[in-house]
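See structure below.
Note that the numbering runs from 1 along the sequence shown for the chain.
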Amino acid sequence: MMKLFFLILFCAIFLTVSSDSDNMQDTCPTAQGEQSIFFINGYPCKNPTEINAQDFKSTKLTVAGDTDNYLQSNVTMLTASEFPGLNTLGLSVSRTDLERDGSVPLHSHPRSSELLFVVSGVVFAGFVDTNDKIFQTVLRKGDVFVFPKGLLHFCLSGGFERATALSFYNSQSPGVVNIGGVFGIDQERIVNITRSLVTDRDEL
């Protein structure tokens, strides 16, 4: 009896800490624009009779983002709020565009791990674990790198040309925590801190 109790307790804890709850039906595209009086973990489903193939398609990542800014980078995120078909599937995706000196400074995703796939160019990527150890590497076209859930991570352009990468997340709403915004630190300082983590200067 005691073993059964601990088994049930373990299952309950496991379910509460999993990334996103499992879907209860095949599909549940987001009912965009609809207001709900209830606060739920996700978005209301579209009327099943109105679901069509376009709910599961997006062209928002086909065009490069605007990198005319201080960071010389752009991250275009597609979550269930922008891409209806992702709702309840526990997935989201983003596109990162980096100019030659572009950077995506230190940040974290509290609800998701991130799988980074380099489409073109050279990217220097890394993350910091809870023991303050830095894991960093140079990525080229076709390479994949993973940022564990909740850990601070970054990526910088590591070549002499524009770089593009796609990221995949195991949450329909990964969330983003920027340390600059949390502590009121200006972007220039955050970029300098990020670049100071790079140990192999010859790679940049």
Side-chain angles (χ1 to χ4, degrees), residues 30 32-33 54 57-86 91-128 134-147 150-169 171-204:
T30 305
Q32 294 180 315
Q54 295 307 307
K57 174 185 176 180
S58 176
T59 59
K60 294 181 179 179
L61 301 185
T62 59
V63 180
D66 182 10
T67 57
D68 186 15
N69 53 63
Y70 178 76
L71 297 176
Q72 298 185 56
S73 67
N74 182 277
V75 178
T76 303
M77 177 75 77
L78 283 185
T79 66
S81 61
E82 298 89 15
F83 189 179
L86 293 177
L91 297 169
S92 53
V93 61
S94 69
R95 170 176 173 154
T96 300
D97 292 291
L98 296 163
E99 294 296 339
R100 177 182 174 185
D101 295 318
S103 64
V104 179
L106 285 165
H107 65 284
S108 68
H109 303 292
R111 296 185 289 271
S112 176
S113 297
E114 175 182 352
L115 195 66
L116 181 76
F117 171 75
V118 178
V119 177
S120 62
V122 179
V123 176
F124 195 93
F127 65 87
V128 184
I134 302 173
F135 298 83
Q136 53 189 332
T137 188
V138 175
L139 305 171
R140 294 178 172 80
K141 180 179 179 179
D143 288 343
V144 177
F145 191 68
V146 64
F147 302 120
L151 297 186
L152 287 172
H153 58 279
F154 63 91
C155 62
L156 310 169
S157 175
F160 299 98
E161 59 184 357
R162 188 185 185 99
T164 300
L166 295 176
S167 290
F168 305 91
Y169 310 84
S171 170
Q172 69 176 39
S173 182
V176 180
V177 177
N178 293 303
I179 62 174
V182 173
F183 299 106
I185 306 174
D186 62 80
Q187 286 187 330
E188 181 178 4
R189 187 174 180 188
I190 294 298
V191 171
N192 290 337
I193 292 173
T194 302
R195 290 189 176 278
S196 71
L197 298 176
V198 179
T199 55
D200 194 344
R201 300 286 179 176
D202 293 334
E203 295 286 2
L204 296 180

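The structure places NE2 of His109 at 8.5 Å from OG of Ser92, a figure rounded to the nearest 0.5 Å. Between Ser73 atom OG and Asp97 atom CG the span is 9.0 Å, to the nearest 0.5 Å. Distance check: Leu116 CG to Phe145 CZ gives 8.5 Å after rounding to the nearest 0.5 Å.
Taking each heavy atom of Pro174 and Gln172 in turn, the nearest pair found is CD-C, 3.9 Å. Closest approach of Arg162 and Gly65 over heavy atoms only: NH2-O, 3.5 Å. Here the closest non-hydrogen pair linking Ala125 and Leu139 is CB-CD1, 3.9 Å. Nearest heavy atom pair, residue Phe83 against residue Lys57, reads CE2-N, 3.5 Å.
For His153 (side chain) and His107 (main-chain N/O), a donor-acceptor pair under 3.5 Å exists by modelled atom type. With hydrogens and angles ignored, the 3.5 Å screen pairs no side-chain donor or acceptor of Ser167 with any backbone N or O of Glu114. For Ser58 (side chain) and Lys60 (main-chain N/O), a donor-acceptor pair under 3.5 Å exists by modelled atom type. Between the side chain of Ser171 and the backbone N or O of Ser173, at least one donor-acceptor pair lies under 3.5 Å.
Between Thr79 and Tyr169, the side chains place no donor N or O within less than 3.5 Å of an acceptor N or O (distance only, hydrogens not considered). No hydrogens or angles considered: nothing links the side chains of Asn74 and Thr67 as a donor-acceptor pair under 3.5 Å.
Other residues, nucleotides and ligands place no more than 12 heavy atoms under 6.0 Å from the CG atom of Asp68.
Using bins of under 30°, 30° to 60° and over 60° for the plane-to-plane angle, the ring pair Phe124/Phe154 lands in the parallel bin.
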